[in-house]
Structures are given as structure tokens and as C-alpha cells.
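Residue numbers count from 1 along this sequence. Whatever order the structure lists them in is the order used to number ligands and atoms, beginning at 1.
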Amino acid sequence: MHESLRNRGVEVDVLVYNAGFGMQGPFHAIDAARQSEMVRLNVLALTELSRAFLPAMVARRRGGLLNVASTAAFQPGPFMSVYYATKAFVLFLTEGIAEELKGTGVTATCLCPGPTFTEFVARADMKPNPAFDATAMSAERAARKGHRAFRRGRVVAIPGAMNALGAFLPRLAPRWLPRKVTRRLNT
Ligand SMILES: NC(=O)c1ccc[n+]([C@@H]2O[C@H](COP(=O)([O-])OP(=O)(O)OC[C@H]3O[C@@H](n4cnc5c(N)ncnc54)[C@H](OP(=O)(O)O)[C@@H]3O)[C@@H](O)[C@H]2O)c1
């Protein structure tokens, strides 16, 4: 993709990586091939595209990355373990790159939405979850928050006060507690 755009003389100033999916179920039982596909999409493709497009942005001293992770990035997620781990990767990678890019004129922002009304739940084969439905926001609201954060050069953007609180609390808790809470939410 990078090669073909370059050959056509297209300059990419902003790379938005939103593609991703989850899977619910025990790690040892869910479809292994689909699990690997998730890691390729959520982690590998994001990493490779970021690596491919950043050098030209840095050379032009403008532009940046807007990567979509999740509030899942802030704690382990029993029964969606691979998905949560992929999103932690996206968050940590984007934060690391953002710091490396200081002074280059290029930025990296990680949008971490909480529950959002999209096709995600159906695609992830998730069980009906009243807590999800009660707290979910529109995709438009989450996207606007991400766009605003990117324009301001913010590194991490969590739309919604409750989502921000939920992402912060695991840092205060003993390590075992967040995984117990997430286990309850995912079963
Ligand atoms: N919805 C939530 O509650 C929520 C919460 C936090 C974070 N997120 C994150 O938000 C991002 C967008 O998800 P969404 O909620 O909008 O779910 P969605 O409606 O299911 O959209 C998923 C997006 O990923 C693309 N995609 C899925 N599988 C793909 C594959 N194998 N190859 C290439 N593209 C693929 C889809 O493209 P096609 O439609 O063309 O297949 C679509 O654009 C994801 O990274 C997700 O992890 C979602």
C-alpha cells in the first residue's frame, strides 16, 4: 500500500489506524487461526504501516499517527485476553513513538474508547452485556474526541469521564484486582 501510494506521488500526512476486532472466550478454546488474524490486524499491520509512513512525515516535519486502542489497553482481560493484550501493545507502542517524535513536528495519538455502539460486539461474538449497553457512546462522539486530541497533539485520549476513571483506577489497585473485575465483566 505504502509503495503504491509513493509510486503515484501521494503524500500521506496523517495515518489513522482504526481497523481491529476482538474475540470472546477462553484463550485455549477460541479459534486459533482467527486469534492469529487478530494479532496480525490489531498489532502487526498497525506496526508495519506506522513504520512505513513515519519516515516521510518526519522528513517533511508534519503529520502524525492516530491509532485506535481501547480502554481494554489498561488492564488484562480474561476471556478476551488476546484482544486486551493487542490493545495494550497499541497503547504502549504509540506512547513510546510519541515520545521519540518530540521536536520532529510529527505527533502520535492513541485513542482509547470505552464501549461504543458499532459492529464490534456482534463481530467479537460477545454475550449480551447490560453494562456495555448502559455505558456505550456513539462512534461519532468517540471519533470526534480522537480527532480533537490528535489536532492538539495529545498522546492519549480517552473519551468520556467514566472511561477515563476506569482506565485510571487499575493504577491504584493491587495487580490482582483489575483482572478479577474484568473477568466478571467478560463472563
Ligand atoms: N466498539 C467498541 O466498543 C470499541 C471499544 C474500544 C475500542 N474499539 C476499537 O475501535 C476500532 C474500530 O472498531 P469498531 O468498534 O468500529 O468495530 P466494527 O464496527 O466491527 O469495525 C471494525 C473495523 O475494522 C475493520 N476490520 C475488521 N476485521 C478486519 C480484517 N480482518 N482486515 C481488515 N479490516 C478489518 C472493519 O473493516 P470492514 O468493515 O471493511 O470489515 C471495520 O472498519 C477497533 O480497533 C476496535 O478494537 C472498539
Could a heavy atom of [X] be found less than 4.0 Å from some atom of ligand 1?
{"X": "Gly114", "value": "yes"}
{"X": "Ala139", "value": "no"}
{"X": "Tyr17", "value": "no"}

Starting from the C-alpha separation in whole Å, work towards a yes-or-no answer on side-chain contact (heavy atoms from CB on, under 4.5 Å) for Leu93 and Leu46.
CA-CA 10 Å; Leu93 178 73; Leu46 177 144; 3.7 Å; yes
Per-atom contacts of ligand 1 with [X], taking only distances under 4.0 Å to non-hydrogen atoms:
{"X": "Tyr83", "answer": "7 (C), 8 (N), 9 (C), 46 (C), 47 (O)"}
{"X": "Glu37", "answer": "31 (N)"}
{"X": "Phe21", "answer": "28 (N)"}
{"X": "Thr118", "answer": "1 (N), 14 (P), 15 (O), 16 (O), 17 (O), 19 (O)"}
{"X": "Pro115", "answer": "3 (O)"}

| What residues, two or more places apart in sequence or in another chain, satisfy side-chain hydrogen bond (donor to acceptor under 3.5 Å, both in side chains) together with Gln35? |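 Partners of Gln35 under the side-chain hydrogen bond (donor to acceptor under 3.5 Å, both in side chains) test: none.
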[atom]: which protein heavy atom is closest, and how many Å away?
{"atom": "atom 19 (O) of ligand 1", "value": "Glu119 N, 3.1 Å"}
{"atom": "atom 41 (O) of ligand 1", "value": "Arg123 NH1, 3.1 Å"}
{"atom": "atom 33 (C) of ligand 1", "value": "Leu41 CD1, 3.6 Å"}
{"atom": "atom 3 (O) of ligand 1", "value": "Thr116 N, 2.9 Å"}
{"atom": "atom 10 (O) of ligand 1", "value": "Val68 CG1, 3.5 Å"}

**Prompt:** Measuring to protein heavy atoms, does anything land under 4.0 Å from atom 38 (P) of ligand 1?
**Reply:** yes
Does the protein put a heavy atom less than 4.0 Å from atom 31 (N) of ligand 1?
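Protein heavy atom within 4.0 Å of atom 31 (N) of ligand 1: present.
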Q.
Looking at Lys145 and Pro113, would you say the former's side chain and the latter's main chain have a donor-acceptor pair under 3.5 Å?
A.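 Not a single qualifying donor-acceptor pair exists.
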Would you check if the side chain of Asn42 reaches a backbone N or O of Phe21 as a donor-acceptor pair within less than 3.5 Å?
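Answer holds: yes.
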Which bit of [X] gets closer than 4.0 Å to ligand 1, counting heavy atoms only: side chain, backbone, both or neither?
{"X": "Phe120", "result": "both"}
{"X": "Asn18", "result": "both"}
{"X": "Phe132", "result": "side chain"}

- Nearest-option assignment for atom 9 (C) of ligand 1, heavy atoms, candidates Gly146, Ala69, Ser70: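 Closest candidate by heavy-atom distance is Ala69.
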Heavy-atom proximity to atom 22 (C) of ligand 1 ranks first, among Ala19, Gly20, Pro113, for Gly20
Just checking, is any N or O donor in the side chain of Asn163 or Thr71 under 3.5 Å from an acceptor N or O on the other one?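 No, because no side-chain N or O of Asn163 sits under 3.5 Å from a partner of the opposite role on Thr71.
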Surrounding [atom1] of [X] (heavy atoms of other residues, nucleotides or ligands, distance under 6.0 Å), is the total greater than 12?
{"X": "Asp133", "atom1": "CG", "answer": "yes"}
{"X": "Arg141", "atom1": "CZ", "answer": "no"}
{"X": "Arg6", "atom1": "CZ", "answer": "yes"}

Exercise. Examine Thr71 against ligand 1 and note whether any of their N/O atoms are separated by less than 3.5 Å.
Key: no
Closest heavy-atom pair, Ile30 versus Gly25, reported as atoms and distance to 0.1 Å, is CG2-CA, 3.6 Å
Return the orientation label for the Tyr83 and Phe120 ring planes: parallel under 30°, perpendicular over 60°, tilted otherwise. tilted
Under a side-chain separation threshold of 4.5 Å, the hydrophobic residues clustered together with Val181 are Trp176, Leu177, Leu185
Under the 6.0 Å and 45° cation-pi test, does Arg179 pair with Tyr84? no
Original post:
Salt bridge check: are Glu48 and Arg40 linked by an N-O gap of less than 4.0 Å?
Top reply: no
